[in-house]
Amino acid sequence: MQYRHAAPWLLLGLGLLLGPRLLIAAEPAKPTDDIRDKIKAAGDAEKWNADLVYVFDYTDVTVKPSGLGVAKNHKLFKILRDGGIRSQAVQRFTFDPHTNRLDLISVRIHRADGTVEEIPLDNPIEQPQPASGIFWPTAQYLFTLPHLAIGDAVETQTEMTGFNVAYLGRDLEIEGSRDQEGSAALASAAKPPKSGPEAPARAANAAAQPSAEEPGFNNLNALGVPLEPPVPGHWHDEVHFWSGYPIIEKRYTVRVPKDKPLQAEVYNGELRSAVLFEGDQLVYTFEKTNIEPFKSEPSMESTPNVGTKLLCATLATWKEKARWLYEVSEPQFAWDDAIAAKVKEVIKDCKTDEEKYTALNHWVAENIRYAGTSRGMCEGYTVHRSIETFHDRCGVCKDKAGMLVTMLRVAGFDSYLTMTMARQRVDRVPADQFNHAVTCFRDKDGNLTLLDPTWMVKSRDNWSTLEPLQHVVYGIPEGKELSQSPYFPPEDCTVSWKGQTAISEDNELTGGLNFYSTGAPEGRLRRALAAYPADERHEVFEASFARISPVTKIGSLTCMDPVDFSEPLKLQATFGAEDFALGGGNKRYFKLPLLQTPLGDRTLMDLPGTYGLETRKYGVRLWATRLVKVDETVKLPPGWKVVESPKPVNIDGPSASLQFDIESTPGQVHYTCELRIKKWQIPPEEYANFKEVMEKFDELAGPVMVCELEGAHVER
């Protein structure tokens with residue numbers, strides 16, 4: 001594709017249609033000697049060992065009295081290797097048209113030979129963002145750059161107007177193929193000028209309607225609708241000072257009215273900061289230099305828990321946020337006769353309050369599909385009307401939670417919406433840090449109980465055992481400060497094998513087992529089984545029993561229906577495997593059969609790979625706590641004498657413990673094994689304990705039993 005400057009008459013025409021901001025894009029500020037010097041001083045791949053380096057990343061936010069923000073971003077990166085050429089060939093701007101408006105000021109390439117190439121901004125490509133489950137009208141705005149070369153640098157300048165909604169799905173993962181936007185100032189709601197037939201009309205409308213709060217301020221979103229921040233008069237942001245690429249200089253500035261001071265706190269590192277007076281504004285500046293690429297670890301805790309970040313907010317307390325949540329959600333919980341009739345039907349056989357709220361939680365979990373549709377600007381922070389959700393039979397977590405709030409109220413419960421951050425810490429500054437919504441109800445003693453209909457699908461957990469000690473904000477009328485969900489001990493996430501097996505003189509294994517599970521591992525297994533028609537579930541069992549031996553054959557198997565929630569999931573099976581014991585002459589070697597954990601590929605699959613590192617800088621993140629119990633008796637043929645077996649184990653620590661006892665008597669071996677994982681997130685200082693326990697557990701599952709054959713039983 002050939003690139004050239006747009007003709008002056010075309011730019012003039014676009015200026016009349018789209019307003020002065022594209023004239024700015026057409027006539028950007030000239031490159032300065034300072035930028036040229038910075039590019040030169042940035043160095044090369046030998047210095048950074050990276051595909052590219054960010055020379056600088058500056059964001060300057062002005063907060064308006066309404067709570068809207070205007071964020072100016074100026075960014076410059078230098079290509080160091082071929083990987084940078086490939087990853088940056090297309091510049092991508094993601095956006096939500098309802099919550100902001102984005103103006104592109106300039107995109108230019110500083111060539112290695114010193115020339116500067118301006119990229120026309122009048123013909124971008126717009127397409128929907130990839131979507132699955134949540135079908136909100138988010139889009140992406142693409143510019144294909146002329147061919148880049150090593151040593152070239154790309155400079156972008158943008159201005160975004162709008163507000164932040166954490167629920168819209170800020171990307172928190174470390175990116176290696178594109179820049180990880182450090183500032184979330186408006187990133188979760190970034191919207192460039194619309195292309196297509198209606199674009200000029202929208203832009204002209206935006207240019208024609210300045211905000212009443214400030215002369216000349218355009219407060220319209222990309223669709224030409226006046227922007228209304230979620231909490232009127234308040235603003236917040238979460239700014240990440242980490243990246244998948246090195247950053248030489250990153251600076252974040254916030255300008256607020258003097259009567260709207262910020263609460264701000266830096267986590268997981270240090271930033272240089274300043275607070276200055278500038279006219280009628282307070283100016284907060286935070287910066288960091290020479291930021292190394294973030295190096296993640298396998299199965300590590302959430303990056304915002306450990307990466308350097310800044311939180312800032314004008315809201316004073318979480319209690320205020322809780323009251324706001326109550327007020328903005330309350331109108332959505334009205335019900336009609338159809339909802340009332342369904343509640344009556346669902347709880348008609350329930351005798352206790354627990355049976356009632358459990359039945360309603362299950363109904364919402366299984367009957368309101370997870371699929372998101374948009375209601376406009378408020379979509380990211382308000383629930384759909386329950387009457388709509390009931391009719392549509394779909395919604396995202398906030399809508400499912402709202403549906404349960406309404407049905408509980410019909411049943412006589414004092415229920416409310418609750419915000420939480422799934423499996424990630426929420427810090428004390430009341431900036432919006434939530435990505436999940438759940439339900440709570442208050443009993444007659446004033447105690448609050450949490451329910452999660454989104455994570456209860458094919459589960460018996462009213463509040464998921466995947467969500468222990470999770471921060472929550474209860475949307476109750478009087479408000480409440482930041483709280484935590486309950487802890488789940490290992491017993492709440494049990495996986496248990498108990499059985500008898502036998503090895504014959506020709507080395508064949510036969511046996512039977514009783515299996516049951518509760519909590520998070522039970523839910524994982526239920527969902528795996530429910531994904532198959534009943535007559536095809538044998539495929540799951542056959543693949544899993546192959547953990548005992550690749551040639552294991554199941555004789556008989558009885559398993560509960562995965563949607564029978566009356567008790568923990570139980571299974572009984574008989575099985576066999578030829579040539580299970582190995583060896584010749586007077587020696588036989590075999591593994592302890594049930595320590596191979598058939599069905600462990602569904603109930604323990606989060607554990608492998610989490611303890612391979614010698615040391616860890618960051619915590620290990622698992623599904624949940626765990627109690628693994630194995631109790632087995634292995635019958636041996638006459639003349640087989642156990643000469644080697646594992647020693648008893650007794651390891652205990654703050655995060656994990658392992659108890660193993662074994663007894664060999666003539667004709668049999670009996671052992672018990674109990675593994676306890678006490679925390680779903682293992683802190684780095686307790687990793688050595690976790691690693692020791694898990695490696696010993698693996699060792700016990702190896703070929704640990706040695707028998708000698710006596711007398712006539714020795715092979716000739």
Side-chain angles (χ1 to χ4, degrees), residues 96 98-99 133-138 163-169 188-189 228-232 318 320-336 338-340 342-343 357 360-361 363-411 413-422 432-442 448-457 463-464 467 472-477 479-480:
D96 169 47
H98 292 288
T99 59
I134 301 179
F135 304 101
W136 295 344
T138 56
F163 59 85
N164 301 321
V165 180
Y167 193 87
L168 284 174
S188 63
E228 299 177 8
V231 185
W318 283 116
E320 290 182 47
K321 187 77 169 183
R323 287 197 294 264
W324 166 84
L325 178 61
Y326 167 77
E327 292 168 2
V328 77
S329 304
E330 198 62 19
Q332 310 301 95
F333 301 138
W335 63 83
D336 58 13
I339 294 175
K342 178 56 67 176
V343 171
Y357 68 69
L360 292 171
N361 201 5
W363 189 89
V364 174
E366 302 296 336
N367 291 277
I368 305 298
R369 294 162 294 173
Y370 191 93
T373 55
S374 178
R375 300 297 184 271
M377 191 183 306
C378 64
E379 180 56 48
Y381 60 90
T382 57
V383 300
H384 293 180
R385 293 172 59 243
S386 293
I387 292 173
E388 291 181 17
T389 302
F390 185 79
H391 176 270
D392 295 345
R393 288 296 200 271
C394 73
V396 294
C397 61
K398 61 184 178 60
D399 311 313
K400 290 169 71 85
M403 186 76 255
L404 183 57
V405 168
T406 300
M407 298 184 84
L408 287 168
R409 290 186 179 186
V410 173
F413 290 88
D414 184 22
S415 55
Y416 302 94
L417 194 71
T418 299
M419 295 187 299
T420 186
M421 185 66 175
D432 190 358
Q433 302 165 60
F434 303 102
N435 67 355
H436 192 38
V438 296
T439 307
C440 73
F441 70 86
R442 182 159 33 196
L448 292 166
T449 297
L450 289 162
L451 306 172
D452 189 344
T454 302
W455 287 20
M456 200 194 192
V457 176
W463 175 252
S464 176
E467 301 177 274
V472 297
V473 169
Y474 294 100
I476 54 180
K480 185 176 175 63

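No hydrogens, no waters, no symmetry mates; every other heavy atom, side chains included, goes into these values. Just so it is clear, the model here is predicted, and its values are computed rather than measured.
With sequence neighbours left out, R323 forms a side-chain hydrogen bond (donor to acceptor under 3.5 Å, both in side chains) with no residue at all. Not counting sequence neighbours, the partners of A371 by the side-chain contact (heavy atoms from CB on, under 4.5 Å) test are C394. Checked against side-chain hydrogen bond (donor to acceptor under 3.5 Å, both in side chains), E330 has the following partners two or more places apart in sequence or in another chain: R409. In this view, E366 and K458 satisfy the salt bridge (charged side-chain N to carboxylate O under 4.0 Å, His left out) rule, not counting sequence neighbours. The side-chain contact (heavy atoms from CB on, under 4.5 Å) check on S329 picks up L325, F333, L417, with sequence neighbours excluded. Residues that satisfy the side-chain contact (heavy atoms from CB on, under 4.5 Å) test with N367, not counting sequence neighbours, are W363. For Y326, there are no ring pair (Phe, Tyr, Trp, His ring centres under 6.0 Å) partners two or more places apart in sequence or in a different chain. The salt bridge (charged side-chain N to carboxylate O under 4.0 Å, His left out) check on R393 picks up nothing, with sequence neighbours excluded. A search for salt bridge (charged side-chain N to carboxylate O under 4.0 Å, His left out) contacts involving R375 returns E388, D392, not counting sequence neighbours. Legend: residues meeting side-chain contact (heavy atoms from CB on, under 4.5 Å) with A334, ordered by chain and number and at least two apart, are absent. Residues passing the side-chain hydrogen bond (donor to acceptor under 3.5 Å, both in side chains) test with Y416, sequence neighbours excluded: D414. Under the rule for a ring pair (Phe, Tyr, Trp, His ring centres under 6.0 Å), the partners of W455 that lie at least two apart in sequence or sit in another chain are H436.
At a threshold of 4.5 Å between non-hydrogen side-chain atoms, the residues V438 and T454 do not count as touching. Here the side chains of L450 and V472 are in contact, with some heavy-atom distance below 4.5 Å. Taking 4.5 Å as the limit, every side-chain heavy atom of N361 sits out of range of all side-chain heavy atoms of L408. Contact check for M419 versus K398: no side-chain heavy atoms found under the 4.5 Å cut-off. Two residues are said to be in side-chain contact when any heavy atoms from C-beta on lie closer than 4.5 Å; T99 and E379 fail this criterion.
Distance CG/L360 to OG/S415: 9.5 Å, rounded to 0.5 Å. Between atom CZ of residue R385 and atom OG1 of residue T406 there is a gap of 10.5 Å, rounded to the nearest 0.5 Å. Separating the CG atom in D336 from the CD1 atom in I387 is a distance of 4.5 Å, to the nearest 0.5 Å.
Closest approach of W136 to T373, counting heavy atoms only: NE1-O, 3.4 Å. Shortest non-hydrogen contact noted between T439 and P453 is OG1-CD, 4.1 Å. Nearest approach of G402 to S386, heavy atoms of both residues: O-OG, 3.3 Å. Of all non-hydrogen atoms in M377 and E228, the two that sit nearest each other are SD-N, 3.3 Å. Looking at every heavy atom in both residues, L448 comes nearest to C440 through CD2-SG, 4.2 Å. Of all the heavy atoms in M407 and K342, the pair that sits closest is CE-CG, 3.9 Å.
Panel note: side chain T420, backbone A422; no donor-acceptor pair is recorded below 3.5 Å. Within the 3.5 Å criterion, the main-chain N or O of S464 finds no donor-acceptor partner in the side chain of D452. With K400 contributing its side chain and I368 its backbone, the two residues share a donor-acceptor pair below 3.5 Å. Looking at W324, its side chain does come within 3.5 Å of a backbone N or O of P230 through a donor-acceptor pair.
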### Message
Under the criterion side-chain contact (heavy atoms from CB on, under 4.5 Å), I'd like the reasoning laid out for V364 against M456: C-alpha separation, chi angles, the key distance, then a yes or no.
### Response
CA-CA 9 Å; V364 174; M456 200 194 192; over 6 Å; no
### Task
Might you work through the side-chain contact (heavy atoms from CB on, under 4.5 Å) test for L404 and L451, ending with a clear yes or no?
CA-CA 9 Å; L404 183 57; L451 306 172; 3.9 Å; yes
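Between F434 and W318, the ring center distance clears the sub-6.0 Å criterion.
More than 12 non-hydrogen atoms from other residues, nucleotides or ligands lie less than 6.0 angstrom from CD of E320.
Tested against F441, the residues Y474, Y357, W463 include a single ring pair (Phe, Tyr, Trp, His ring centres under 6.0 Å) partner, Y357.
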